[in-house]
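For this chain, numbers begin at 1 and follow the sequence in order.
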Amino acid sequence: MIESRNPANGELLETLEPTPPDEIERTLARAAAAFDGWRRRRFAERASVLREAARRLRAEKAGYARTMALEMGKPLAQ
């Protein structure tokens, strides 16, 4: 098990299962194949995908900020 803890107070934030090595290898192979297809896409198509990714990240930024602050043991304002 992998534990994510707040270093400021030791609070357990989440427990995760380690990813098996064979699954990591499959994921890396899929990423390499995806890159090959991605680099062949037109710039406008890639830009559209990245804009959508940015939109989703912005929509969830409060949750990401909270998680990062807790995992680093810092106040949210930092």
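Here D22 pairs with R26 under the salt bridge (charged side-chain N to carboxylate O under 4.0 Å, His left out) rule; sequence neighbours left out. With sequence neighbours excluded, the residues that form a salt bridge (charged side-chain N to carboxylate O under 4.0 Å, His left out) with R41 are E45. Qualifying side-chain contact (heavy atoms from CB on, under 4.5 Å) partners for E11, counting only residues two or more places apart in sequence or in other chains: N6, N9, L13. Contacts of R58 classified as salt bridge (charged side-chain N to carboxylate O under 4.0 Å, His left out), with partners at least two apart in sequence or in another chain: none. The side-chain contact (heavy atoms from CB on, under 4.5 Å) test applied to R51 returns A47, S48, not counting sequence neighbours. Scored by the side-chain contact (heavy atoms from CB on, under 4.5 Å) test, M68 finds M72 as partners (sequence neighbours excluded). In terms of the salt bridge (charged side-chain N to carboxylate O under 4.0 Å, His left out) criterion, R30 has no residue partners (sequence neighbours excluded).
Screening residues 59-78 for side chain to side chain donor-acceptor pair (under 3.5 Å), with sequence neighbours left out, gives S4-E71.
What you find for A8 and G73 is that their closest heavy atoms are CB-O, 3.7 Å. Between D36 and R40, the shortest heavy-atom contact is OD1-NH1, 3.3 Å. Between G10 and R5, the closest heavy-atom pair is O-NH1, 2.7 Å.
Cluster partners of L12 are absent, since no Ile, Leu, Val, Met, Phe, Trp or Tyr has side-chain heavy atoms less than 4.5 Å from it. Under a 4.5 Å side-chain heavy-atom criterion applied to ILVMFWY residues, the cluster that includes F35 comprises that residue alone. Other cluster members for I2: L16, joined by side-chain heavy-atom distances under 4.5 Å among Ile, Leu, Val, Met, Phe, Trp and Tyr. If you chain together ILVMFWY residues whose side-chain heavy atoms come under 4.5 Å of each other, L28 ends up grouped with I24.
In R39, the CZ atom is crowded: over 12 heavy atoms of neighbouring residues, nucleotides or ligands sit closer than 6.0 Å.
For the pair E17/M1, a side-chain contact is recorded, criterion being any heavy-atom separation below 4.5 Å from C-beta on.
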